[in-house]
Structure formats: C-alpha cells, structure tokens
Number of protein chains: 2
Amino acid sequence: MPMGKVPDIVVGRLPLYLRTLNYLIEEGHEVVSSQELGRRLGISPAQIRKDLSHFGEFGKQGAGYDVNYLRKQLTHILHVERVWPVALVGCGALGHALANYNGFLTKGFEITLIFDNDPAKIGQMVAGKVIHDVADMPRLLCEHGIRIAIVAVPSSAAQATVDILVKCRVRAILNYAPINISVPPGVQVQNIDPAVHLQRMTYYL
Amino acid sequence: MPMGKVPDIVVGRLPLYLRTLNYLIEEGHEVVSSQELGRRLGISPAQIRKDLSHFGEFGKQGAGYDVNYLRKQLTHILHVERVWPVALVGCGALGHALANYNGFLTKGFEITLIFDNDPAKIGQMVAGKVIHDVADMPRLLCEHGIRIAIVAVPSSAAQATVDILVKCRVRAILNYAPINISVPPGVQVQNIDPAVHLQRMTYYL
DNA sequence: CAGAGTATGTGACTGCTTTCACAAGGTGAC
DNA sequence: GTCACCTTGTGAAAGCAGTCACATACTCTG
C-alpha cells in the first residue's frame, strides 16, 4: 500500500467509484472489472486501475474487483465509515431542500445543526430539527464538534459565515453561494454554482 | 484571436472569471490586473493571462484589463449575451428551490418550462410557471426550442429522463441526480452531487 | 491438469497543464 | 520628455495526468 501523496484529481474520482459500487451492490453484482466500472463512469479502465493502485491492490487477476470489498476499502479511504455531523447554514429554499435530502445518511453525512439569521425562522422546525440563530454558531459548533459545514446563505453573507466556521474549527465547507470565498490553508472548499456549471456548457452550444 | 481548440479545463474557468468581473463592476472597479483577479480566485496570474490569450488580447500592458470590456468579451465567448430558455425536470424540494432561484437571469438563463410526473403537482404554479406533465416534454421542448435542461428527478428516473431530453435535441444537461448518466457525443453534462463533493473533502480530514 | 481466456498492476511513454521569465509596451510623476 | 515602474502576452521549461502494453496470475472448461 504505497499511499504517499495522492493527487487531488484522483481523490476526486474515488467518490464516483464508491457511488457506482453502491449501485452495483443494489443490482446484485458481486464482482466488477475495471472495464465495466469504466464503462459506467465514462472513464478508461486503465485510469481506474491506476487510481486504485495508489492505495493498494484490491483486485484479483483474471476476475476483477470484489464489489463489497472494494466498497469497504474506498469507504475507509474516504473516511466515511462513520457518519459525520454536518452543519447547514442558511435555511432558504435551497437550505430547506438540503435539510430534507435523504441521500446524505447512507453516504456518511447527517445534517445535525441548522442555522439562519431570520428571526421569523429561528425556532421553527425543518426536517425534524430546530433552526438555530447564527449568533449561537460558535457555541453549538464547538459543542457538537462539527468539522463539516454546508453554506447556503446569500453571497453577501458568505465570506463572513465562512470566517466564523473556520474560527470554530470547521475544516470542510460545501459552498452554494455564487461567490469565491477564501479560507486559510488546511481548510477544504467545494463550490456549487449552477450558473457556473451551465455557462461552462453554453460555450459549446 | 487564435481560438483554435481550447482545452475544456480552460473553458471551465471562464465562468469564474466572469463571475468575479461582475462583482468587480458592482464594487466600482474599472480596471483589474491578472494579479488582482488571481488573488480573488486563488489562481496564478500567469494562468489567467494564458487562459485569456486563447481567445485574444484583451489587456493593456502597464494597466491591466478593462473590467467592462473583458466582461463583455467573456459573455460573448460563453454565448451568454442572450438569455437561454431552460427546462427544469423534477419539481421536488430541489426543483422548487431551483425554480425560485433568482440568480439565473443575470447569468444568461431563465427556467421557462417545468415538468413533473406527479399528478398532484401537474397544473400547479411554481415561481410563476405551470408544472407540466413529463408526458408533454417532447412537444413542449420542441415548441420552445429548448437546448438546456436541469435534471432534478430521483436517480431511478434520471437516465430515462435524459434519454427523452437528448431525443428532443437538448444539448446541455445539468444533472442533480446522484447517478452517472450516459449521453451520446455532442451532448454536454455537468453533475452536481453534494455527497460526492463532501466525500472528496473527508479524505483530507 | 492443461490450455484458452481474462483481468490486474505497473513502468514507459505521450500529451496536456501550469509555471517561469522576459521582451514589448503602457502609465504617471516631475 | 524622461525615467522608474507596471502589466501583458508568450515561448520555453517543468510538472502532472492519462494511456499503452505487457508480465503476472487467476478462472473456467473439458
């Protein structure tokens, strides 16, 4: 198991492999080849084998990969054997949808804290959880040992929100605000902006 | 203006440049250097200059880039001078949030058609638009000349939905279903799966 | 158990992306 | 006008990522 410095681009593909393995299990497959996995993902078999070889030798020559075993290994590598508690900041339409999304739990995440700054919303229930005041973020994030947060606030509030999160030792941020946020080294950020994704495609139209 | 074959990875950064330029205009800046732009985006100045050089010479030595002019050029390159009509398929919690998102219009998009397969929803209004039956998709997509669609249906329905869209000449798909969809060559796909984005970060935790 | 078929893991290679470094040219102070 | 200072655009170089091709080894049939 080499496992030295793995390129980020490789890490980024692991969740896709894991997701596909879960579907394979649902479909009753017990074994899968890099070819079949690649076909489903639109990725070359060689690339999948190389990616996985960064972490160990999970396959069997002549047969392929044991689906359950590989799933377990990837789950371990990505640290999603456990379920991470996640804070959701901003409970507008998007925050609402995220709070009610039931796909998180089986993937290793659970939204356990929800925040908003609208007095009309604070105290209300969403997806079985109370909406807390953003003013209480520092205390509650610490108490719950939160390391992962989802930001679904307006652009104008995003950087300030992120600054608080970082100060409270959050280390991974999924940012839905359509603006670039800056964080200190060691804090991971992933951005989701539908307009950016769409514009990337209109270039080719 | 060379403009031969531009790497996709370069195209993917253009919307980020454009987004940042819009904020710069709001803030009243008339000129920006590659250095300042890079600082805001976490990208090296050299990379920004090289990216832009694929499309022409937009800057002035000693000064930088005229913000308005560069914005106009990028808008042109990305084909978002016009507003594209977009179809939204699936009007659950997420679809609802997307239909009500008011950030699309200024970025070159407008959700003009909404579809769902739930008889209880068909005919209802969302964000000022009627929810249509997915059975009417072929007819309505053609009538409106739709080329772009957002898929927000359950995973189990995603591939079938995409197949219909492709048949109706949709050429760009923003897929929110947490599953890999396959499309013929020439059709663009962008995937958004929050769990995948989160798992990419937990590797580092 | 032999042999045809199949699939992995990996070094070498190819091609793509990013960074570097600098000539060319614009700016602004005085 | 001159000079010190900036900033762009771009070849060259360096660094990364993806593909190829094959040795190795397992499977399955008969």
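Quick note on labels: first sequence line is chain A, next is B, and so on, each numbered from 1.
What separates CZ of A/Arg39 from C1' of C/dA7 is a distance of 16 Å, to the nearest Å. Spacing between atom CD of B/Gln35 and atom P of C/dC20 amounts to 13 Å, rounded to whole angstrom units. The CD-C1' distance, from A/Glu36 to C/dT6, rounds to 15 Å in whole Å. Rounded to an integer number of Å, the gap from NE2 of A/His54 to P of C/dG11 is 12 Å. For the pair A/Ile48 CD1 and C/dA7 C1', the computed distance is 13 Å after rounding to whole Å. Atom NZ of A/Lys5 and atom C1' of D/dC16 are 12 Å apart (whole Å). Straight-line distance from the CG atom of B/Leu70 to the C1' atom of D/dT8: 13 Å, rounded to whole Å. Atoms CZ (A/Phe55) and P (C/dT10) sit 13 Å apart, rounded to a whole Å.
Note on A/Asp66 versus A/Lys60: no salt bridge recorded, every NZ/NE/NH1/NH2 to OD/OE distance being 4.0 Å or above. Taking the charged nitrogens against the carboxylate oxygens, A/Arg71 and A/Glu81 have no contact shorter than 4.0 Å, which rules out a salt bridge.
Side chains of A/Thr202 and B/Trp84 form a contact here, defined as non-hydrogen atoms less than 4.5 Å apart. Between A/Asn117 and A/Ile122 the shortest side-chain heavy-atom distance does not fall below 4.5 Å.
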Inset, instruction - Test side-chain hydrogen bond (donor to acceptor under 3.5 Å, both in side chains) on A/Ser34 and A/Arg49 and set out the steps. - result: CA-CA 7 Å; A/Ser34 59; A/Arg49 294 201 299 275; 3.1 Å; yes

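OP1 or OP2 of D/dT8 sits under 4.0 Å from a side-chain N or O of B/Ser34. Within the 4.0 Å cut-off from OP1 or OP2 of C/dG9, at least one side-chain nitrogen or oxygen of A/Tyr65 is found.
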Legend entry - Reading 5' to 3' through nucleotides 17-30 of chain D, protein heavy-atom contacts under 4.0 Å coded B for base, S for sugar-phosphate only, - for none: SSBBB--BBB----

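Side chains of B/Tyr204 and A/Asp8: a donor on one and an acceptor on the other come within 3.5 Å.
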